[in-house]
Amino acid sequence: MNKKRVLSGTRATGKLHLGNYLGAVKGYIALSEDPEYETFYMVADLHSVNTPYYPKDFPKKVRSVVLDYLGAGLDPEKCTIFIQSHVPQHIQLFYLLSTQVSVARMQHLPTYKEKVKQYPKDVNMALLNYPVLMASDILIYKADAVPVGVDQLPHLEVAREVARKMNEKYGTDFPEPEQFKTDGEYVPSLTGEGKMSKSVEGSYITLVDSLETIKSRLASTPTDSGKGDIKEGLFFSQESMKEASVPEDLVPSNGVGSLMKFVELFQGKEKRKEYESQYEGEGVRYGDLKNELSEAIYKHLEPIQERRKKFEDDPKLVEEILQGGAQKARKVAEKTVTEVKAAMGLI
Ligand code: TRP
């Protein structure tokens, strides 16, 4: 049976947080355990150097993502884990694919425009080329499915276009990769506004946070008086939102809403209902709620942290995993580059 291929990656910009874990990495794990798929997961280090960064800190950041992957439960026996720059073929293919992409198309991507706004003094070619390198990451493994969030869809569309153009022009056989929607949770920000994000301080809980840290992070989540009418107050109920068919990511954000979502994720829907009826009755005591919730989150993270620590204490093993992963990835990648070069008439 021909297995479907999966590729995904994470930029090395810091520790993974609960949003990355629930929204992406849990999906990576599920796919790696499904015999229908052959899975490749990388740390996108090359994608992390196109915005300002500190070279001295960088190796630690890259390793930290690897440890987060392993700690979260990605099993190197079941998936190929590697670092993007260890497979230099990605850059070779990237250049060849870039012949099919117009400069204007890249300049109009929303992600590019955002970065230009964020770093007006650092608008470099690598930033403009970001989506083409990402297309290469995906197409080099002829991946059919790419587990990524909606924010990456414009990039995926570029990869699909490039695949189509290459196939038409040079007769290659790239599949048009599709987003793989894991039933990843929408994880809200602790600030109560939007989703959990590495770039918003105070919005996240990392996979390595201690119980104390989790408590102090939750302490800053804004709350209300704890009492009132659910349907009118900030404490909107899950049911009322569903009744109104409000998509999850459009549910109005506020701190209490975020807390409720976390209660649901880590303590279950029943617990949330309990709080909802308290809200309409005797009132919710947020201090107690936050304490219990912190414990529940920490309980979830503890085994991840223990596993992560084991790998952290065994750098030789991690090195072996990465070398093995890169070797496996290079074999597939090299084959694709050879095919594409031949198809493009390079001798
Ligand atoms: N651009 C992705 C992000 O910012 C990371 C990434 C790089 C990626 N190459 C990839 C994701 C290939 C999926 C497939 O999250």
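Along the sequence shown, residues carry numbers from 1. First listed ligand is number 1; within each ligand, the first listed atom is number 1. For clarity, every value in this text was computed on a predicted model and none was experimentally measured.
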Enquirer: Give the contacting part of Q84 toward ligand 1: side chain, backbone, both or neither, where contact means a heavy-atom distance below 4.0 Å.
Expert: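 For Q84, there is no contact with ligand 1 at all, from either part.
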
Enquirer: For L133, which part has a heavy atom under 4.0 Å from ligand 1: side chain, backbone, both, or neither?
Expert: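 Neither; no heavy atom under 4.0 Å.
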
Enquirer: When you measure from atom 10 (C) of ligand 1 to each heavy atom in Q179, M134, H155, which option holds the nearest one?
Expert: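 Selected option, by shortest heavy-atom distance: M134.
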
Enquirer: Could you check R63, R308, K15 and say which one makes a salt bridge (charged side-chain N to carboxylate O under 4.0 Å, His left out) with D68?
Expert: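 For D68, the salt bridge (charged side-chain N to carboxylate O under 4.0 Å, His left out) check succeeds only for R308.
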
Enquirer: With a 4.0 Å cut-off on N to O distance, would you call K165 and E168 a salt bridge?
Expert: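 The answer is no: the pair does not qualify as a salt bridge.
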
Enquirer: Could you identify the single nearest non-hydrogen protein atom to atom 7 (C) of ligand 1 and state the distance to 0.1 Å?
Expert: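 The closest one turns out to be H47 ND1, 3.2 Å.
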
Enquirer: Please check if the number of heavy atoms outside E282 that lie under 6.0 Å from its CD is greater than 12.
Expert: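 Atom CD in E282 is crowded, with more than 12 foreign heavy atoms closer than 6.0 Å.
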
Enquirer: By number and element, which atoms of ligand 1 are closer than 4.0 Å to a non-hydrogen atom of R11?
Expert: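 Selected atoms, number and element: 4 (O).
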
Enquirer: Donor-acceptor check, side chain of K290 to backbone of A219, threshold 3.5 angstrom: yes or no?
Expert: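 Yes; at least one donor-acceptor contact below 3.5 Å.
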
Enquirer: Counting non-hydrogen protein atoms only, what is the nearest one to atom 9 (N) of ligand 1? Give residue, atom name and distance.
Expert: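 Of the protein heavy atoms, D137 OD2, 2.7 Å lies nearest.
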
Enquirer: Considering only non-hydrogen protein atoms, determine which one is nearest to atom 14 (C) of ligand 1 and report residue, atom name and distance to 0.1 Å.
Expert: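 In this structure, atom 14 (C) of ligand 1 has L7 CD2, 3.6 Å as its nearest protein heavy atom.
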
Enquirer: Which protein non-hydrogen atom lies closest to atom 15 (O) of ligand 1, naming both residue and atom, and how far is it?
Expert: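 Of the protein heavy atoms, Q152 NE2, 3.6 Å lies nearest.
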
Enquirer: For Q84 and D45, indicate whether the former's side chain and the latter's backbone hold a donor-acceptor pair under 3.5 Å.
Expert: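 Looks like yes, one N/O pair under 3.5 Å.
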
Enquirer: With ring centroids as reference points, do H155 and Y112 lie under 6.0 angstrom apart?
Expert: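 For H155 and Y112, the ring centres are not under 6.0 Å apart.
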
Enquirer: Which residue and atom name correspond to the protein heavy atom nearest atom 13 (C) of ligand 1, and how close is it?
Expert: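 Scanning the protein heavy atoms, the shortest distance from atom 13 (C) of ligand 1 goes to V148 CG1, 3.5 Å.
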
Enquirer: Would S8 and Y28 satisfy side-chain hydrogen bond (donor to acceptor under 3.5 Å, both in side chains), going step by step from the backbone distance to the final call?
Expert: CA-CA 8 Å; S8 198; Y28 292 5; 3.2 Å; yes

